[in-house]
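Note sheet for the following structure.
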2 protein chains.
Amino acid sequence: MREEMPRAVTTICNALQEQIEHGLLPPGSKLPAERKLSEVFDTTRITLREALVQLEARGLIYREERRGWFISPPRLAYDLMRRSHFHAMVQAQGRVPATQVISARLQPASAVICGLLQLPALSSVIQICRARRIDERLVLYVEHYLNPEYFPQILELDLNQSLTELYARHYDIRYGQVRFEMVPTALPVEAAGALKVSIGSPGLRIARVNHDQRGRLIDCDLEYWRHDAIHVSAVVADI
Amino acid sequence: MREEMPRAVTTICNALQEQIEHGLLPPGSKLPAERKLSEVFDTTRITLREALVQLEARGLIYREERRGWFISPPRLAYDLMRRSHFHAMVQAQGRVPATQVISARLQPASAVICGLLQLPALSSVIQICRARRIDERLVLYVEHYLNPEYFPQILELDLNQSLTELYARHYDIRYGQVRFEMVPTALPVEAAGALKVSIGSPGLRIARVNHDQRGRLIDCDLEYWRHDAIHVSAVVADI
DNA sequence: TTACCTATCTGGACTAGACCAGCGCTATTT
DNA sequence: AAATAGCGCTGGTCTAGTCCAGATAGGTAA
């Protein structure tokens with residue numbers, strides 16, 4: 001009869017998880033340095049890091065490139081049915097949104113985008129790349145691709161605000177049918193860079209293809225979320 | 001002017017990804033042993049492993065516990081709107097489904113399940129745990145929790161088939177409103193064990209709360225998918 | 001033929017270090 | 001007071017191994 005001895009990684013995970021769940025380490029607070037922690041748990045930094053990566057996978061902690069490890073705040077509820085735009089959604093949940101434009105320009109459409117927007121080959125599209133925060137924390141990198149036909153001069157407007165509101169105010173365009181595609185995957189380099197996370201961090205890719213109130217295919221978004229930042233919900237009736 | 005030298009891990013990832021995408025390593029085929037690969041890329045096993053874990057995060061490869069690394073097959077399309085049961089969905093996409101019952105019994109409901117099914121404290125529920133395969137590969141671990149009031153004697157039926165069909169045939173119950181909740185997270189131990197993956201592998205948790213055609217809350221499922229096995233889609237009109 | 005045993009191969013887990021690059025604070029300079 | 005240069009600390013990346021346990025396949029005995 002021998003005792004079941006759990007792996008070191010598991011032991012560390014459980015210890016940290018317990019501390020987090022009992023509120024000793026509040027959301028947003030910083031963990032001690034990896035070297036400190038590896039001393040505390042009497043193990044190698046490699047082993048300790050493996051435990052941290054696990055907790056990251058569970059969504060309990062996250063890292064900021066070369067700054068340290070932090071306790072994850074609660075996930076944002078993302079309801080596919082009661083969709084509103086980012087700012088409204090975040091504020092409705094009592095949190096503080098922020099948006100920052102990374103780039104915005106007219107450019108040749110890639111094959112993928114031509115497909116999504118049903119444009120002929122060699123079309124031009126308006127690409128808008130933005131990074132978005134909840135309570136200061138970078139959580140979302142989005143690439144918007146707009147059919148330029150419907151949005152003349154949009155590049156001259158302030159794109160730090162909600163596109164949904166710009167559409168309504170300047171173009172009288174509102175969202176009608178929307179198609180979502182969700183894929184759990186690693187963040188690609190552009191997204192990882194914009195969100196200041198190490199490349200290859202787990203993420204959730206949500207692609208949206210949007211029609212307007214008149215059924216025209218107006219734009220699509222590629223959203224890359226930190227995987228621990230949201231939980232998606234949907235209510236479907238009468239399948 | 002110095003050359004930008006990419007990290008070893010990135011180099012390995014790109015090399016393998018290129019081989020995979022050009023079909024030299026077809027879906028389901030096995031990669032060489034880690035030790036072999038680390039020789040091929042002239043690096044440590046630890047570094048090589050890090051690259052493999054990255055490709056796993058991207059969903060390009062997966063591992064089977066102590067058996068090796070394999071190329072991931074295409075993702076299953078999981079449409080929230082046009083929902084059918086697992087077997088029908090898999091077959092409709094030209095693939096071969098299989099289900100295996102792990103356990104099925106009447107037991108006291110946990111607090112979480114009481115909440116989801118709106119049952120009073122200390123209620124009993126029928127728990128059915130199953131593992132499901134696509135083309136032989138284990139991809140999904142599900143825990144079903146049924147309100148026993150609506151499903152007398154169900155434990156005496158063959159639970160390897162579709163529950164949806166059992167409901168219809170024996171109880172005249174069909175799904176009406178369904179609520180989905182999706183959270184990217186690491187697979188918990190039960191799921192990892194059932195799917196024979198190493199604990200802490202990335203996964204997608206989909207919780208469903210199901211009403212029947214008469215609006216009664218009949219059951220809920222906790223689905224744990226291998227994160228690289230599905231992509232979820234939904235079409236929403238008139239937001 | 002069948003059942004079992006065993007050697008070998010695989011991934012899983014871990015040790016004990018090293019060097020580098022970016023962040024942030026401090027002390028200096030302007 | 002503001003700009004800057006320096007430096008220490010942090011995570012990021014990598015080396016070169018070890019030991020262990022499950023999976024597999026080949027051979028041996030019933």
Side-chain angles (χ1 to χ4, degrees), chain A residues 2-14 16 29-57 61-71 136 138 186-187 189 192-202, chain B residues 2-14 16 29-57 61-71 136 138 186-187 189 192-202:
Chain A
R2 82 176 188 80
E3 272 298 310
E4 180 64 25
M5 181 61 185
R7 308 159 43 221
V9 169
T10 308
T11 312
I12 299 171
C13 282
N14 291 343
L16 287 173
S29 64
K30 188 174 180 303
L31 287 178
E34 291 180 359
R35 288 168 176 82
K36 280 269 164 50
L37 282 175
S38 64
E39 277 176 35
V40 171
F41 289 106
D42 190 30
T43 183
T44 324
R45 221 180 115 208
I46 292 211
T47 304
L48 186 269
R49 255 168 93 74
E50 209 188 310
L52 293 177
V53 168
Q54 285 244 351
L55 293 174
E56 181 187 43
I61 62 176
Y62 68 99
R63 47 182 144 175
E64 291 184 18
E65 180 96 0
R66 272 168 228 282
R67 295 220 322 115
W69 294 86
F70 303 83
I71 312 297
E136 301 286 297
L138 283 163
L187 295 174
V189 277
L195 298 182
K196 298 207 173 86
V197 300
S198 36
I199 63 167
S201 302
Chain B
R2 82 176 187 79
E3 272 298 311
E4 179 64 24
M5 181 59 183
R7 309 159 44 220
V9 169
T10 308
T11 312
I12 299 170
C13 282
N14 292 343
L16 286 173
S29 63
K30 187 174 180 303
L31 287 177
E34 291 180 359
R35 288 169 177 82
K36 281 268 164 50
L37 282 175
S38 64
E39 277 176 36
V40 171
F41 289 106
D42 191 31
T43 183
T44 323
R45 222 180 113 210
I46 293 211
T47 303
L48 187 269
R49 255 168 94 73
E50 208 188 312
L52 294 176
V53 168
Q54 285 242 353
L55 292 173
E56 182 187 41
I61 63 177
Y62 68 98
R63 46 181 145 177
E64 290 184 18
E65 180 93 0
R66 273 167 227 283
R67 295 220 322 116
W69 294 87
F70 302 84
I71 311 299
E136 301 285 297
L138 283 162
L187 295 174
V189 278
L195 298 182
K196 298 207 174 91
V197 301
S198 36
I199 63 168
S201 301

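Lettering of chains follows the sequences in order, A, B, ..., and the numbering in each one begins at 1.
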Counting only heavy atoms not in A:K30 (residues, nucleotides, ligands), do more than 12 fall under 6.0 Å from its NZ?
yes
Does a sphere of radius 6.0 Å around NZ in B:K196 hold more than 12 heavy atoms from other residues, nucleotides or ligands, not counting ones at 6.0 Å or beyond?
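Atom NZ in B:K196 is not crowded, with 12 or fewer foreign heavy atoms closer than 6.0 Å.
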Check if the side chain of [X] and the base of [N] share a donor-acceptor pair of N or O atoms closer than 3.5 Å.
X	N	result
B:R45	C:dG12	yes
B:R66	D:dA21	yes
A:R49	D:dG12	no
A:R63	D:dG11	no

Look at B:T47 and D:dT15 and indicate whether a side-chain polar atom (N or O) is within less than 4.0 Å of OP1 or OP2.
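True: B:T47 side-chain N/O within range (under 4.0 Å) of D:dT15 OP1/OP2.
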Any A:S198 side-chain nitrogen or oxygen under 4.0 Å from OP1 or OP2 of D:dG11
no
Restricting both atoms to N or O, compile the protein contacts to nucleotides 24-26 of chain C shorter than 3.5 Å, with distance only.
residue: C:dG24; atom: OP1; partner: A:R67; partner atom: NE; Å: 3.4
residue: C:dG24; atom: OP1; partner: A:R67; partner atom: NH1; Å: 2.9

Going from CD1 on A:I46 to CD on B:E50, what distance comes out if it is rounded to the nearest 0.5 angstrom?
9.0 Å
At what distance, to the nearest 0.5 angstrom, does OG1 of B:T44 lie from CZ of B:R49?
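Between atom OG1 of B:T44 and atom CZ of B:R49 there are 12.5 Å.
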Among the candidates D:dC14, D:dG12, C:dG12, find the nucleotide nearest to the side-chain atoms of A:E34.
D:dG12
Without decimals, in angstroms, what is the distance between [X] [atom1] and [N] [atom2]?
X	N	atom1	atom2	result
A:L31	D:dC9	CG	C1'	16 Å
B:L52	C:dT10	CG	C1'	13 Å
B:K196	D:dA21	NZ	C1'	16 Å
B:E64	C:dC9	CD	C1'	16 Å
B:E50	D:dG12	CD	C1'	9 Å
A:F41	C:dT15	CZ	P	13 Å
B:L48	D:dA16	CG	P	14 Å
B:K36	C:dC9	NZ	P	9 Å

Taking all atoms of both residues into account, what is the closest heavy-atom pair of A:G200 and B:Q54, and its distance?
CA-OE1, 3.7 Å
With heavy-atom distances below 4.5 Å as the criterion, would you say the side chains of B:L16 and B:I61 are in contact?
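They are not in contact (no side-chain heavy atoms under 4.5 Å apart), so the answer is no.
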Using distance alone, with no hydrogens and no angle criterion, decide if A:E56 and A:W69 have a side-chain donor and acceptor under 3.5 Å apart.
no
Here's a test of your reading of the structure: between A:E65 and A:T44, which maps to the more 5' nucleotide of DNA chain C?
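Final value for this comparison: A:T44.
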On DNA chain C, check which nucleotide each of B:R35 and A:V9 is closest to and give me the residue with the more 5' one.
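Checking each residue's closest nucleotide, the 5'-ward one belongs to B:R35.
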